[in-house]
Colleague: 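Quick one: this structure, given as structure tokens, is what I'll be asking you about.
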Amino acid sequence: DVIDIDPTCERLQKMTAEILGKEAAIFMPSGTMTNQVGVRIHCKPGDEFLCEVGCHIYNYEQGAFAQLSGVVSRTVEGKGSVLHVDQLRGLIRPDNDHLVRTRLVCLENTHNRGAGKIQPIENVADICQWAHDAGLKAHLDGARLWNATAATGISEAEWSKHFDTVSVCFSKGLGAPVGSALAGPKDAIKEARRHRKLFGGAMRQ
């Protein structure tokens, strides 16, 4: 998919975007890469994102957001690994030259370190609405989103509609041998394509 459009990969990307209710999607080798590209397209060096203290992006990706993109995280301990919007209110940094800029909220569903906890749809909607009202973006680490849908009956598109970008993993609930995808608006995925190349994730056919 790196030199020109690979028809098989293109079908997979279009199908994924349709399932998630997004304009476009892009295939990458791993969920770590889709998460890190998701953070990178929403944040610039010196920006900050908010996340739950046990989440995969913070714990299991070597702090790649700091190493690769110059971004910092601010963690919040959820109640049983579930974040509530009231825990986030007041955490957005004021506009001050001494401070980082708060730009993004990241959620994980299902929550791996939370024993597969499903983030309640009401919490997801409240947090994302709060983020958007405050001018922030919202990213979902949905590596196990298929599992959340299977358990609740709530469609992938219904979960995803609250977020600007969504990462899903094909090797988790679907059992595929490799790969993840990042979905979102066309302009965001076009930008993500550049960063996939930068991170070495543009796989030659």
Side-chain angles (χ1 to χ4, degrees), residues 1-51 55-58 60-73 101-109 124 128 131-132 135-146 156-157 159-172 174 176 178-205:
D1 188 43
V2 60
I3 296 174
D4 201 349
I5 295 175
D6 177 78
T8 304
C9 190
E10 178 73 2
R11 287 198 302 272
L12 175 63
Q13 291 172 157
K14 286 184 175 180
M15 180 185 295
T16 303
E18 289 172 3
I19 290 172
L20 298 176
K22 298 299 184 186
E23 289 183 342
I26 183 169
F27 178 83
M28 299 189 199
S30 72
T32 293
M33 187 175 289
T34 49
N35 278 333
Q36 291 305 321
V37 171
V39 170
R40 189 179 178 92
I41 63 176
H42 295 309
C43 297
K44 297 178 181 179
D47 288 350
E48 169 189 72
F49 68 92
L50 307 174
C51 63
C55 74
H56 193 279
I57 290 177
Y58 180 72
Y60 295 127
E61 300 181 13
Q62 288 191 28
F65 49 85
Q67 294 198 66
L68 301 176
S69 299
V71 176
V72 298
S73 63
R101 298 173 298 179
T102 309
R103 289 289 185 256
L104 176 67
V105 173
C106 295
L107 297 180
E108 182 178 336
N109 206 18
V124 168
C128 291
H132 291 140
L136 307 185
K137 299 292 187 180
H139 170 76
L140 173 63
D141 176 359
R144 296 168 179 82
L145 186 62
W146 321 112
E156 294 88 352
W159 286 112
S160 299
K161 74 178 187 180
H162 303 285
F163 296 89
D164 298 282
T165 52
V166 178
S167 166
V168 290
C169 187
F170 300 126
S171 66
K172 301 292 193 311
L174 300 182
V178 68
S180 291
L182 181 69
K186 286 182 179 179
D187 59 345
I189 299 307
K190 182 179 180 181
E191 182 69 11
R193 187 178 179 90
R194 290 189 57 83
H195 298 295
R196 181 185 69 173
K197 172 66 177 177
L198 174 67
F199 288 173
M203 300 167 69
R204 298 170 73 93
Q205 58 269 39

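Numbers here simply count residues along the sequence, with the first being 1.
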Colleague: Roughly how far, to the nearest 0.5 Å, is the SG atom of Cys9 from the CD1 atom of Ile26?
Modeller: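 Spacing of CD1 (Ile26) from SG (Cys9) equals 8.0 Å.
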Colleague: Tell me, do Phe163 and Leu107 make a side-chain contact under 4.5 Å, heavy atoms counted?
Modeller: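 Side-chain contact under 4.5 Å: yes.
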Colleague: Contact between Glu108 and Ile57 at the side-chain level, heavy atoms closer than 4.5 Å - yes or no?
Modeller: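 The answer is no; the side chains never approach within 4.5 Å.
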Colleague: List the steps and the verdict of side chain to side chain contact (heavy atoms under 4.5 Å, CB included) for Glu156 and Val168.
Modeller: CA-CA 10 Å; Glu156 294 88 352; Val168 290; over 6 Å; no
Colleague: Verify the neighbour count for atom CZ of Phe170: are there more than 12 heavy atoms of other residues, nucleotides or ligands below 6.0 Å?
Modeller: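 Atom CZ in Phe170 is packed in, count exceeds 12.
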Colleague: Can you tell me how far the CG atom of Asn35 sits from the CG atom of Asp141, to the nearest 0.5 Å?
Modeller: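 CG of Asp141 is found 4.0 Å from CG of Asn35.
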Colleague: To the nearest 0.5 Å, what is the distance between CD (Glu191) and CD1 (Ile41)?
Modeller: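 So the gap between those two atoms works out to 7.5 Å.
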Colleague: Taking Glu61 for its side chain and Gln36 for its backbone only, find out whether a donor-acceptor pair lies under 3.5 Å.
Modeller: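 Absent.
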Colleague: Can you name the closest pair of heavy atoms from Tyr58 and Cys51 and give their distance?
Modeller: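 Reported closest heavy-atom pair: CB-SG, 4.1 Å.
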Colleague: Hey, what do you get for CD1 (Ile189) to NZ (Lys186), rounding to the nearest 0.5 Å?
Modeller: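 NZ of Lys186 is found 11.5 Å from CD1 of Ile189.
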Colleague: Do Met33 and Ser180 make a side-chain contact, defined as non-hydrogen atoms from C-beta onward lying under 4.5 Å apart?
Modeller: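 The answer is no, as the side chains (C-beta and beyond) never meet within the 4.5 Å cut-off.
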Colleague: In a check of side-chain hydrogen bond (donor to acceptor under 3.5 Å, both in side chains) between His139 and each of Thr165, Asp164, Thr34, which one passes?
Modeller: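 Among the candidates, only Thr165 passes.
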Colleague: Output yes when a side-chain donor or acceptor of Arg196 lies under 3.5 Å from a complementary backbone atom of Phe27, and no otherwise.
Modeller: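 Side chain of Arg196 to backbone of Phe27: a pair is present.
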Colleague: Between Arg101 and Lys44 (side chain of the first, backbone of the second, donor and acceptor by atom type, cut-off under 3.5 Å), is there such a pair?
Modeller: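 No: the side chain of Arg101 does not pair with the backbone of Lys44.
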Colleague: Between Lys22 and Ser160, is there a donor-acceptor pair closer than 3.5 Å when you use the side chain of the first and the backbone of the second?
Modeller: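 Pair found, side chain donor or acceptor close to backbone of Ser160.
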Colleague: Can you check whether Cys106 reaches Val39 side chain to side chain, under 4.5 Å on heavy atoms?
Modeller: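 SC-SC contact between Cys106 and Val39 confirmed.
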Colleague: Quick one: pull up CG in Asp6 and CZ in Arg204 and give me the separation to the nearest 0.5 Å.
Modeller: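 Nearest 0.5 Å value for the CG-CZ distance: 12.5 Å.
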Colleague: Please check if the number of heavy atoms outside Glu23 that lie under 6.0 Å from its CD is greater than 12.
Modeller: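 Result for CD/Glu23: enclosed.
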Colleague: Which heavy atom in Gln67 sits nearest to a heavy atom in Gln62, and how many Å separate them?
Modeller: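 For Gln67 and Gln62, the tightest heavy-atom pair comes out as NE2-O, 2.8 Å.
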Colleague: Quick one: are Leu50 and Thr102 in side-chain contact, heavy atoms under 4.5 Å?
Modeller: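 Yes, side chains in contact.
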Colleague: So, do Lys197 and Val2 sit near enough that their side-chain heavy atoms are less than 4.5 Å apart?
Modeller: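 The answer is yes; the side chains approach within 4.5 Å.
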Colleague: Should Ile19 and Met15 count as side-chain neighbours, where that means a heavy-atom distance under 4.5 Å?
Modeller: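 Answer yes - side chains close enough.
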Colleague: Kindly give the heavy-atom pair with the smallest separation between Ala131 and Val105, and that separation in Å.
Modeller: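 Nearest heavy atoms, Ala131 then Val105: CB-CG2, 4.1 Å.
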Colleague: Grab the two heavy atoms, one from Cys128 and one from Ala138, that are nearest each other, plus how far apart they are.
Modeller: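 For Cys128 versus Ala138, the nearest heavy atoms are SG-CB, 3.8 Å.
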Colleague: Could you walk me through whether Leu145 and Leu20 satisfy the side chain to side chain contact (heavy atoms under 4.5 Å, CB included) test, starting with their C-alpha distance in whole Å, then the side-chain angles of each, then the deciding distance to 0.1 Å, before giving a yes or no?
Modeller: CA-CA 10 Å; Leu145 186 62; Leu20 298 176; 3.9 Å; yes
Colleague: Determine, stepwise, if the pair Thr32 / His56 fulfils side chain to side chain contact (heavy atoms under 4.5 Å, CB included).
Modeller: CA-CA 9 Å; Thr32 293; His56 193 279; 3.9 Å; yes
Colleague: In the structure I gave you, are the side-chain heavy atoms of Phe49 and Arg103 within less than 4.5 Å of one another anywhere?
Modeller: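 No - every pair of side-chain heavy atoms lies 4.5 Å or more apart.
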Colleague: Where is the tightest heavy-atom contact between Gly21 and Ala157, given as atom of each residue plus distance?
Modeller: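 Looking at all heavy atoms of both residues, the closest pair is N-CB, 4.0 Å.
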Colleague: Check the pair Met28, Phe199 against side chain to side chain contact (heavy atoms under 4.5 Å, CB included), reporting the backbone distance first and the verdict last.
Modeller: CA-CA 10 Å; Met28 299 189 199; Phe199 288 173; over 6 Å; no
Colleague: Please report the shortest heavy-atom distance between Leu182 and Ala192, naming the atom on each side.
Modeller: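 So the minimum-distance heavy-atom pair works out to CD2-CB, 3.9 Å.
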